[in-house]
Amino acid sequence: MSGIVLSAGVRSNLLNLQATGDLIAQTQVRLSTGKRVNSALDNPTNFFTAQSLSNRASDLSGLLDSMSNAVKTIQAADNGISAITKLVESGRALARQALQTSDATERSTLATQFTDIRTQIDALAADSGFNGTNLLNGNDLTVTFNEDGTSTQTITSVTDKTGSDLAIAGPVGSWALDANIQISIDATTTALSTLRTQSKAFGSSLSTVQARQDFTKSMINTLTTGADNLTLADTNEEGANLLALQTRQQLSTTALSLAVQSDRNVLRLFGG
């Protein structure tokens, strides 16, 4: 209101009171949000740097899910290999047992059991997948380790079927001949060697993925902490500031009242 003229004392105290009110409002916002930098207006450098760090942490957090799935997929394959290994060992034991008898009926019975084991091996390989990816059934797995996709690892799958990588043929001639039994023994022995090699390869891949998973978790923590350090408020300090500002506001209100009272005293000199 341009028609109202304030004295210098009143105007000065009013400005101080307004400034204190603005500081109180700012402090209350910091306490309510927990941040001293809430927008680019507060501190452009800190705001945009913290935003960049938070965005990268968020991108890496999204990759953690795929890494976790990769770990579970490899572990599922390793579980499958362990179970298949036991079945192959059982099959070899049957063949050796057949070699120790000359009874054709017993050999035929053992050969039938060997065939059943072959069926179970194929079923185990088919059931060793996780989340739609089966490393024992020809599904390669690619894991991405960073947000721009420049760091990846492809885990090559195998096909652990008796008619594929394991190459365990059915019992020839119901194992009537020792030579036929020996073929099965040799096949199972070779298959066991193949399974051990595969297990080592998957174990190495698992160690790599887990190491990158741990690194990513640490990196996310570092990025988040860095962003927080740029924007978070010290609540103890802000609380102390609020108390001090409220005290200042009360003193400013008192000073303004005294300034107005002084103007009234001058008015009384003119009979007001």
Side-chain angles (χ1 to χ4, degrees), residues 15-79 129-135 139-157 201-249:
L15 291 175
N16 288 334
L17 189 60
Q18 290 173 338
T20 301
D22 291 340
L23 290 174
I24 288 176
Q26 182 186 67
T27 303
Q28 288 174 333
V29 169
R30 290 178 176 178
L31 285 171
S32 63
T33 62
K35 294 182 177 181
R36 72 175 186 276
V37 178
N38 288 284
S39 70
L41 298 177
D42 296 329
N43 188 318
T45 301
N46 285 12
F47 179 79
F48 288 113
T49 301
Q51 189 176 64
S52 176
L53 295 176
S54 296
N55 289 341
R56 189 184 177 201
S58 177
D59 292 340
L60 290 177
S61 294
L63 293 177
L64 275 179
D65 292 336
S66 65
M67 291 184 204
S68 178
N69 285 338
V71 168
K72 295 302 182 184
T73 302
I74 298 172
Q75 288 175 340
D78 185 66
N79 292 338
F130 179 83
N131 198 31
T133 302
N134 190 341
L135 291 172
N139 304 140
D140 292 344
L141 175 65
T142 299
V143 189
T144 302
F145 295 130
N146 62 0
E147 67 275 18
D148 57 10
T150 57
S151 177
T152 62
Q153 180 183 7
T154 298
I155 301 167
T156 305
S157 63
F202 286 139
S204 176
S205 297
L206 178 61
S207 296
T208 299
V209 175
Q210 287 178 327
R212 287 305 301 252
Q213 186 180 40
D214 292 340
F215 167 78
T216 301
K217 289 178 180 178
S218 298
M219 196 65 188
I220 291 172
N221 182 65
T222 298
L223 292 169
T224 302
T225 302
D228 289 345
N229 288 340
L230 292 172
T231 59
L232 290 184
D234 183 338
T235 54
N236 292 326
E237 179 182 354
E238 296 301 334
N241 288 340
L242 181 60
L243 290 175
L245 288 169
Q246 288 173 336
T247 301
R248 184 192 298 179
Q249 187 180 49

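Positions are given from 1 along the sequence.
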S.K.: How long is the straight-line distance from CG of Leu230 back to CD of Gln51, given to the nearest 0.5 Å?
M.R.: 12.0 Å

S.K.: Write down the atom of Met67, the atom of Val209, and the distance for their closest heavy-atom approach.
M.R.: O-CG1, 3.9 Å

S.K.: Do the side-chain N and O atoms of Thr150 and Asn146 include a donor-acceptor pair separated by under 3.5 angstrom?
M.R.: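 Side chains of Thr150 and Asn146: pair found under 3.5 Å.
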
S.K.: Looking at side-chain heavy atoms only, is the closest gap between Thr142 and Gln153 below 4.5 Å?
M.R.: no

S.K.: Ignoring hydrogens, what is the shortest heavy-atom contact between Phe202 and Thr156? Give both atom names and the distance.
M.R.: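 Result for this residue pair: CE2-O, 3.7 Å.
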
S.K.: Which residues pass the side chain to side chain donor-acceptor pair (under 3.5 Å) test with Ser151, sequence neighbours left out?
M.R.: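 In terms of side chain to side chain donor-acceptor pair (under 3.5 Å), with neighbours along the sequence ignored, Ser151 is linked to Arg212.
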
S.K.: So, using side-chain contact (heavy atoms from CB on, under 4.5 Å) as the criterion, who are the partners of Asp65 when residues are at least two apart?
M.R.: none

S.K.: Measure the spacing between OG1 of Thr49 and CG of Asn229 and express it to the nearest 0.5 Å.
M.R.: 12.5 Å

S.K.: Tell me the closest heavy-atom pair linking Ser66 and Thr144, and the distance in Å.
M.R.: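 Looking at all heavy atoms of both residues, the shortest contact is OG-O, 4.3 Å.
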
S.K.: With heavy-atom distances below 4.5 Å as the criterion, would you say the side chains of Asp78 and Ile74 are in contact?
M.R.: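 Of all side-chain heavy-atom pairs linking Ile74 with Asp78, none is under 4.5 Å.
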
S.K.: Go through Phe130 and Asn69 one step at a time and tell me if the side-chain contact (heavy atoms from CB on, under 4.5 Å) criterion holds.
M.R.: CA-CA 8 Å; Phe130 179 83; Asn69 285 338; 3.7 Å; yes

S.K.: When you measure from the side chain of Asn43 to the backbone of Phe47, do you find a donor-acceptor pair of N or O atoms at a distance under 3.5 Å?
M.R.: no

S.K.: Looking only at non-hydrogen atoms, find the nearest pair between Ala227 and Ser54 and report the distance.
M.R.: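 What the structure gives for the nearest pair is CB-OG, 3.5 Å.
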
S.K.: Are side-chain heavy atoms of Gln75 and Leu206 found at a separation under 4.5 Å?
M.R.: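 Sidechains of Leu206 and Gln75: in contact.
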
S.K.: Residues two or more places apart in sequence or in another chain: which of them pass side chain to side chain donor-acceptor pair (under 3.5 Å) with Ser68?
M.R.: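 Here no residue qualifies.
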
S.K.: Going from CE on Met219 to OG on Ser61, what distance comes out if it is rounded to the nearest 0.5 angstrom?
M.R.: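 It is 12.0 Å, given to the nearest 0.5 Å.
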
S.K.: Tell me, please, which residues at least two apart from Ser157 pass side-chain contact (heavy atoms from CB on, under 4.5 Å).
M.R.: Leu135, Asp140

S.K.: Apply side chain to side chain donor-acceptor pair (under 3.5 Å) to Glu147 and list each qualifying residue two or more places apart in sequence or on a separate chain.
M.R.: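 Partners of Glu147 under the side chain to side chain donor-acceptor pair (under 3.5 Å) test: Arg56.
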
S.K.: Check side-chain contact (heavy atoms from CB on, under 4.5 Å) between Ala201 and all other residues, then give those that pass, not counting sequence neighbours.
M.R.: none

S.K.: Within this structure, what is the CG-CG distance for the pair Asn46 and Leu53, rounded to the nearest 0.5 Å?
M.R.: 10.5 Å

S.K.: Could you give the distance from CZ (Phe215) to CD1 (Ile220), rounded to the nearest 0.5 Å?
M.R.: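 Between atom CZ of Phe215 and atom CD1 of Ile220 there are 10.0 Å.
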
S.K.: Can you find a side-chain donor-acceptor pair between Thr73 and Thr133 that sits under 3.5 Å?
M.R.: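 Checked: Thr73/Thr133 side chains show no N/O donor-acceptor pair below 3.5 Å.
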
S.K.: Determine, stepwise, if the pair Val71 / Gln210 fulfils side-chain contact (heavy atoms from CB on, under 4.5 Å).
M.R.: CA-CA 7 Å; Val71 168; Gln210 287 178 327; 4.0 Å; yes

S.K.: For the CG atom of Leu223 and the CG atom of Asp228, what is their distance to the nearest 0.5 Å?
M.R.: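 The distance works out to 11.0 Å.
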
